[in-house]
**Student:** 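Take this structure, written in C-alpha cells, and hold onto it; I'll ask about it next.
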Amino acid sequence: MRISRSLRTTSAAALAFGIALAAPGMAQAQSAAAAPANANDDSYAGNDQDIIVTATKRAESQSQIAMPISAISGDQLNKMNANSLSDYINRLPGVVFNDYQPGVSEVVIRGIAATTYHEQGQTTVGYYLNEINVVEPGFPIGIPDVDTFDLDRVEVLRGPQGTLFGSSTLGGLVNYVVKTADPSKLDAAAEGLIGSTAHSGGDLNYAGKIMFNLPIIKDKLAVRVMALQRYDAGFIDNVGLTPEKKGSNDFRTRGLRGSIVFTPFEGTKITYLGAYQDTKLDDQTYITYANSYSRSTGRVEPQTTSFLLNSLRLDQDLGDVATLTVLGAIDEKKNYTLFTDPYGYVTGTFTGPNVAYDYANANANIKTIEGRIASKDNGGPLNWLIGVSYMRATKFSYDQMFAPGANAYITANPGGFAYPASVLAPNDRIYGYLSDTLNTDFGVFGEATWKPLKGFEITVGGRYYSTRAEGDVTNKAGFVSGSPVDLSGHTDQKDHGFTPKASLAFRPNSHFLAYMTYSRGYRVGGINPNAGLLPTIPTAYASDKVDNYEAGIKTTLWNRLTIDASIYNIDWHGIQARLFGPAPQYYSYVTNAGSANIVGVEFAGSFRATRALTLSTNVTYSDAELTTFLPDTFAVGGGYVSGSTLPGSSKWSVASTISYDRDDLPGKPSFEVAHRYLSKAPVAFGSTSTRGDFNIFDARASFTLAGHFRLTGFVNNLFNEYGILNAPFTSQFAPAYSIVRPRTYGLRIDWKL
C-alpha cells in the first residue's frame, strides 16, 4: 500500500511539473512562492524582489527558507481585490477553505481535517496576528478573518509547525502581518468600493476604508490608525419567512486598528498594537434546496462575532551577538448564533416561526506571552534561537433550545410525557448546555542551524510542552436530553511531551535551494460538549499528532522562471474525529480513533514571458486516506474502512493567473485573469454528498488616475459557476449546502498619499 501510494505521488509530481511548464496559459496563481514582490513596496506594479517574512520568528527571504511557505504582500492582495480569506487563501498550493459561517470558517492545509464544517476540538491550522495566537483550544467560537486593508502581508506555512508555534499546527499556520506605525514618514491611504452580486435582489455591495500614519517625534515615535466597514449583499432567498426575504444573508464587517511605535534608544523598539473587528450576518449562508439560491427556515438565523486584541512587544538589540523579543497579548472574542431545529420537537412543528430554535452565546479570553533570543547571522557556521512561551485561555458558552408552545402542549397532554412541563420545557426551553473550560500551555523551544560546509545546512530543533485542559459541561434537564436532572461531565487532563524537527538544506548559490525535513505537530485534548448525554459519548478526548516527511526545491532560472515544489508524506495518529449520535438529536462529539496517511505534491511556478506578461500557476495533488478502521457506533457498518478519503480532501486543486502590467505607459494599466479549480471530495466520513468539482474565473483591470488614485474594475466568478463548498449536515428534511458566491462585479478606487 505504502509503495503504490509513493509511486502515485512521484507520478503526480511529474504531472504537476509538466502542467506548469507545458501549459503556461493556465494563468497565474496568486502565490507568494511563485510571485516575486516586496511587502514594503508601495508601487502598484510588482517587482523582482523577494518578500521578507517573519513566520519562522526571524526576518528572512521566503525563497531562502528551507520549508514550504507562501506569502502574499499587501500590494498583491490589493491587486487581486482581496478582502477576506475566501478571496485569496484557496489560491495557495496545498490550501483549501471550508467556507461556511463567516468569522468561524476554517482553513485546511494538506488535507488534514476530520470535517468540512468546524473541528469540534482544536483547529488543525494555527492562526496568528503579528505572531500572536488568536484562536483558543477546543471548538473555536471565532476564527478572525482579518480584512486585508493595511496588511503588510499574509504568511502561510505548510506542514506541521509544532516546534516554534506549539499546538494546533498539524497542517500549518496562517500569520496575518498588519502594518504598524512608521516614525519615518507621514502616510495615509483610503479605499472605496461599490458592486453588485447576482441574486442579491438589487442590493449593492460597498466598502469604505481609511488609514493615517502620523510621526510625532521624527524616527522615534509614531501613531497609526485604520478604520473600515464592508458590506456584502446577500444572495440567498429565505422562502420560509413571511414575507419572503430576498438576499437574506447580508453580511457586514467593521474594523479598527491602532498602533504606537516608540524607539527611545538605538536598538530598542516598543510596539503597542490594538485590533478590533466584528462581523454581523443577518441570516445563515446555507441553502436547503439543492441547485438553488434558496433556503427555508421559518425564522431568521443571525450570527455576530468579534475579537479585540491588545498586545505589547519589545525588540531589543543585544549587540553583535543576538536580539531579544518579548511579546504579550490579551485577546477577547465573542460569538452569538441562532439556528432553527426542524425536527418537530414536542409540538410536531417542523416549519414556520414556531419551529424549535437554538441560540448560543460564547466568549473566550486568550492571554499569551513569549520571550525569545535569536543569534544574529554574521556569516558564521552556527545560528540559533531559543525561547519560552505561555498561554492561558478561558472559554464559556451557554447554548439553549426553545420550542414555542412546548410548555403548554405538555401541560395539556401530560399522559404522553414521562415528566411534567416544568421539567421538560420550563419557559419552553427544551435543552440547555453550559460549557466552562480552561486551557494552559507552557513551552520551551529552540532551533539551531549548523553550516559544516559551504552550501550545506543542518537544522535541528524541538519544543518541550506541558499542557492542561480542564473543563466542565452541564446538559440541563429537559425534553431533548430526556432526563429530569442535569447531566454533567468534567475533565482535567495534563499532557507533556517533546516535538522534534530536523532538516537538511543544500544551497549552492542564491538561485537554488533543495531541502529535506522531518517535523511533528500536535493538538491538545479536551472535554466533549455533549458529555453525559449518551453512554456512547466519551467525556473527553485526548491529543493527536502528525509526523511529516518532505523534500522540496526552490529555484530561479534566467531571472524569468521561479519554481517552488515539494513532496510530502504525513502520518496522522489518534485522529480527533468529529462524529454524530443517533437521530433525531444528532449529538456531536469527538473521539480519538483511526489513523490516516496523506501523500501529496505542491507546485508553484511563475514565468515572466515579457517585461509586461507574467504566467503563473499553483498545482496540488493530494491523496488523504484512513489507514485503519475508524469506529462509529451510529454509522452503517459501524465505522469507516481503511482507504476512506478524509473529509474535504480533494485530489487536485489548481489556481492560475495571467497578468499584463504596463507601468511604462500613462496610467500604468494592469489586466489580470485568474482561474481556480477544486476537484470533488466527500464532505464527511460516510457521506455521499460532495463538494468541489468547479472552475471559477475572475477578471480585473486597473489604471492610475491623477497620480494618487487607482481605479479597479473587477468581475468575480465571471461565468456565474454554481459550486458547492460544503454540505456538512443533512437531515431527514433538507440538506444544508454552502455555495460559491455568484457573479459579482464592481469598481474600487484607491488613494495613497
**Student:** Kindly determine whether Asp315 and Thr323 satisfy side chain to side chain contact (heavy atoms under 4.5 Å, CB included), including the steps that lead there.
**Tutor:** CA-CA 7 Å; Asp315 292 285; Thr323 58; over 6 Å; no
**Student:** For a salt bridge (Lys or Arg N to Asp or Glu O under 4.0 Å) check, start with the C-alpha distance between Lys668 and Asp663, then their side-chain angles and the critical distance, and finish with the verdict.
**Tutor:** CA-CA 4 Å; Lys668 299 181 179 179; Asp663 56 354; over 6 Å; no
**Student:** Which is it for Arg523 and Glu119 under the salt bridge (Lys or Arg N to Asp or Glu O under 4.0 Å) test, yes or no, and what are the steps along the way?
**Tutor:** CA-CA 11 Å; Arg523 285 189 296 178; Glu119 294 291 332; 3.4 Å; yes
**Student:** Before you tell me yes or no, could you show the steps for Thr449 and Thr459 under side-chain hydrogen bond (donor to acceptor under 3.5 Å, both in side chains), namely the whole-Å CA-CA distance, both residues' side-chain angles and the distance that decides it to 0.1 Å?
**Tutor:** CA-CA 4 Å; Thr449 299; Thr459 300; 2.8 Å; yes
**Student:** Please evaluate residues Asp150 and Lys209 with respect to the criterion salt bridge (Lys or Arg N to Asp or Glu O under 4.0 Å), reporting the C-alpha separation (whole Å), side-chain torsions for both, the decisive distance (0.1 Å), and the verdict.
**Tutor:** CA-CA 9 Å; Asp150 207 38; Lys209 309 175 185 182; over 6 Å; no
**Student:** Can you name the nearest heavy-atom pair linking Ile69 to Arg158, along with the distance?
**Tutor:** C-NH1, 4.0 Å
**Student:** Under a 3.5 Å cutoff, is there a donor and acceptor pairing between the side chains of Glu602 and Thr620?
**Tutor:** no
**Student:** Under a 3.5 Å threshold, yes or no: a donor from one side chain and an acceptor from the other, between Arg748 and Asn81?
**Tutor:** yes
**Student:** Under 30°, 30 to 60°, or over 60°: which ring-plane class applies to Phe506 and Phe456, parallel, tilted or perpendicular?
**Tutor:** tilted
**Student:** Side chains of Tyr127 and Val107: does their closest heavy-atom pair fall under 4.5 Å?
**Tutor:** yes
**Student:** So which of Gln161, Glu155, Arg153 actually passes side-chain hydrogen bond (donor to acceptor under 3.5 Å, both in side chains) with Asn175?
**Tutor:** Glu155
**Student:** Checking Ser105 against Asn98: is there a side-chain donor and acceptor pair closer than 3.5 Å?
**Tutor:** no
**Student:** Can Ser86 and Arg741 be counted as having a side-chain donor-acceptor contact under 3.5 angstrom?
**Tutor:** no
**Student:** Is there a side-chain hydrogen bond (donor to acceptor under 3.5 Å, both in side chains) between Ser659 and Asp661? Walk through the geometry before answering.
**Tutor:** CA-CA 6 Å; Ser659 291; Asp661 301 296; 4.8 Å; no
**Student:** Would Gln122 and Ser167 count as a side-chain hydrogen bond (donor to acceptor under 3.5 Å, both in side chains) if you check the C-alpha gap in whole Å, the side-chain angles of each, and the deciding distance to 0.1 Å?
**Tutor:** CA-CA 9 Å; Gln122 196 171 22; Ser167 66; 3.1 Å; yes
**Student:** Please name the pair of heavy atoms, one in Ser84 and one in Arg230, separated by the smallest distance, quoted to 0.1 Å.
**Tutor:** CB-NH2, 3.8 Å
**Student:** Side chains of Thr124 and Arg110: do they bring a donor and an acceptor to under 3.5 Å?
**Tutor:** no
**Student:** Test salt bridge (Lys or Arg N to Asp or Glu O under 4.0 Å) on Glu131 and Lys57; report intermediate values, then the result.
**Tutor:** CA-CA 8 Å; Glu131 301 181 40; Lys57 304 202 173 183; 5.4 Å; no
